[in-house]
Amino acid sequence: MAEPKENQLMEKIVSLCKRRGFVYQSSEIYGGINGFWDYGPLGAELKRNVKELWWNSMTRQREDVVGLEATIIMSPAIWKASGHVDTFSDPMCDCKKCKKRFRADQLCEDQGLKLEKTPEGKFALAAGTKCTSCGSTDLTEPRPFNLMFKTYVGPVESEDNVAYLRPETAQAIFAQFKNVLETSRQKVPFGIAQIGKAFRNEVTPRNYTFRSREFEQMELEFFIKPDEAIEAIHGSVATVPETGHPGEPQPNWGWQAWHRYWVEERVRFYENIGLSRETLGFHVQTADELAHYARATVDILFKFPFSKRDEKGEMKGEELEGIAARSDFDLSQHERFSGKPMGIFDEELRGAWAKLSKEKQDELWKRYYESRKRYLEKSGVPAEQASKDATEDANGLAKGQYIPHVIEPSAGVDRLILGLITNAYTEVTKTDDKGKSETLVVMKFHPRVAPIKVGVLPLLKNKPELVKKAEEVRDLLRPWMNVFYDDGGSIGRRYARQDEAGTPFCVTIDFDTLGEKPELKDTVTIRHRDDGKQERLAIGELLNWLLARIR
RNA sequence: GCGGGCGUAGUUCAAUGGUAGAACGGCAGCCUUCCAAGCUGCACACGAGGGUUCGAUUCCCUUCGCCCGCUCCA
């Protein structure tokens, strides 16, 4: 019962987005292209506002985060180190009888067999592998399914110059970590933020712009000291409450406190742009969901109209952002694959270490050694080499050297835009004196993200004095915000148009503005989008009044 | 990628083997002293390609796209 209703809502939202110029299908005049979407005039403003708010709150308003803008195409070696070349290309095969599709490696494993590799490097199913659905052995050859978009650098298309469009922005940050550290005069703990396009050749793009093949990410990699270093310097690692914001960062925070901190910082961000806590959901990844290198991941979810309900009728929502504690995995991988040291030297740690008791030194040494050894072994380093390398790493720690750990809040911009749009969508049914009712749409965006901040409207179009004054007000506000001037049709129609665009305020220039009532000369009507209420304000106060509400 | 459904103005819909109408919206003009008022006029569509046919938007095939389910989602 609820299902068609939710689809209808989504359809209405899709129509509105097209009709008002928030979102269009990419390449529409050629029939479209699956998984790609364009933003129209209003959508482009909305998205720009969101990205600017993120960038501003993440970098400019903080002492400890700096920005980066890296290329989309990078050395393919980066994707080998990150694991994407391996994990993003699963061999798949189909059952020719019942048309089911399987991951070839899982299918073999389920039957106690092993996926084989031919000498040419192709995959082959083990003899006798059956379809787990219908039992048929008539299966297609396993075909690699690469989720990364591939291209060639240079005019010659050969395997030697294959490159990939980045499937995430994060890796560039790790790859440039040393450069940023050198040039920014930052010290751990600090972060590097980046906004940019990423590409994934999804099997099935679905749910409007939610899962698309080209999308934008806002990612922060926040580098912290390993807990063993914190303990060496401060005696112990701080514990913070499991819920709520832990407050201002403290020097004795370990990864758990930082992780907690970033989850709450991110929730604050969403609240600040109009997504209340009630519209959000949280998913704490369980041990078996976590990637092997991750210590913890909390997903921030948003309840979309297409989100499913569970058996209990509860809606969890879909992921807007994941905040992952990724240990020192990423930098370690790049150190191993590039051969370039990714560790840093911590003067404070070296000094503190020397003052520790032998017992404490041994304990911390041992713990660091174990965690490095675990990483190396899981990454395929032979046991003997792993323990040798881990010993070296632990000896390094004693001299003040370590590879920073990382907390990664990684958000999808386009998902957030869709969340803001569905969250803003409101229908208002009005009945006039004649009993005729109609449903109007009001897009209740937070003024901070609204594409148009203010509509400037002369009450009547055919009175040149009103038009002239309105144009003056428009020009007064225009350097400060996105203003929309409209003199077409009745004033009510123009209000309705701005409601659909989500414009929080409209300024109307009327005869009192011109001095019909002398005491009201040079004042205007301000009309509020969400309740239609009006107030009167002097033009001289207008700019500051608006700025206070849109910032 | 598989199965099912669907593609007609910007949007929502209608009709038809003889090349299409409406409502709303848009634009222009008139009018209009605060919430999609009114009048006049204008523009705009059969997703694409092929086939059958004297003739295809309509029937058939292919393709692209959208929706639902499966699959996938580092």
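Values below: every heavy atom of this structure, side chains too, minus hydrogens, waters and symmetry copies. Lettering of chains follows the sequences in order, A, B, ..., and the numbering in each one begins at 1.
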Any N or O donor-acceptor pair linking the side chain of [X] to the base of [N] at under 3.5 Å?
| X | N | result |
| --- | --- | --- |
| A/R206 | B/C67 | no |
| A/R20 | B/G25 | no |
| A/E202 | B/C72 | no |
| A/S490 | B/G38 | no |

Pair [X], [Y]: side-chain N/O donor-acceptor within cut-off below 3.5 Å:
| X | Y | value |
| --- | --- | --- |
| A/Y208 | A/E11 | no |
| A/T286 | A/E289 | yes |
| A/S410 | A/E219 | yes |
| A/D328 | A/Y293 | no |

Taking atom [atom1] in both [N] and [M], compute the distance separating them and give it to the nearest angstrom.
| N | M | atom1 | value |
| --- | --- | --- | --- |
| B/G26 | B/U12 | P | 16 Å |
| B/A43 | B/G10 | C1' | 12 Å |
| B/G21 | B/C42 | P | 15 Å |
| B/A56 | B/G49 | P | 13 Å |
| B/G25 | B/U71 | C1' | 40 Å |
| B/C59 | B/G65 | P | 23 Å |
| B/G7 | B/C13 | C1' | 14 Å |
| B/U32 | B/A37 | C1' | 8 Å |

Can you say whether the rings of [X] and [Y] are parallel (under 30°), tilted (30 to 60°) or perpendicular (over 60°)?
| X | Y | answer |
| --- | --- | --- |
| A/F445 | A/F22 | tilted |
| A/F223 | A/F177 | tilted |
| A/W255 | A/H259 | tilted |
| A/W545 | A/F505 | perpendicular |

* With nearest nucleotides of RNA chain B determined for A/F511 and A/Y30 from heavy-atom distances, which residue corresponds to the more 5′ nucleotide? ->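 The residue whose closest nucleotide sits nearer the 5' end is A/F511.
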
* Asked: For A/N462 and A/S15, take the nucleotide of RNA chain B holding the closest heavy atom to each; which residue's nucleotide lies nearer the 5' end?
  ->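 Mapping each residue to its closest nucleotide by heavy atoms, the 5'-most match is A/S15.
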
Over all strands shown, is [X] touching base, sugar-phosphate only, or nothing at heavy-atom distances under 4.0 angstrom?
| X | result |
| --- | --- |
| A/R497 | sugar-phosphate |
| A/L16 | nothing |
| A/E516 | base |
| A/T525 | base |
| A/Y208 | sugar-phosphate |
| A/K461 | base |
| A/N34 | sugar-phosphate |

* Asked: Is the CD atom of A/E69 crowded by more than 12 outside heavy atoms at less than 6.0 Å?
  ->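 Not more than 12 within 6.0 Å, no.
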
* Establish, with yes or no, whether the OP1 or OP2 oxygen of B/G69 is under 4.0 angstrom from a side-chain nitrogen or oxygen of A/K308. =>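 Yes, within the criterion.
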
* Asked: Heavy atom of residues 500-508 of chain A under 4.0 Å from RNA chain B: which residues?
  ->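 Correct list: A/E500, A/T508.
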
* Any residue of residues 279-288 of chain A with a heavy atom less than 4.0 Å from an atom of RNA chain B ->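 The answer is none.
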
* Asked: Does NZ or CZ of A/R493 come closer than 6.0 Å to the centre of the six-membered ring of A/Y495, within 45° of the ring's axis?
  ->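 The answer is no, since A/R493 fails at least one limit relative to A/Y495.
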
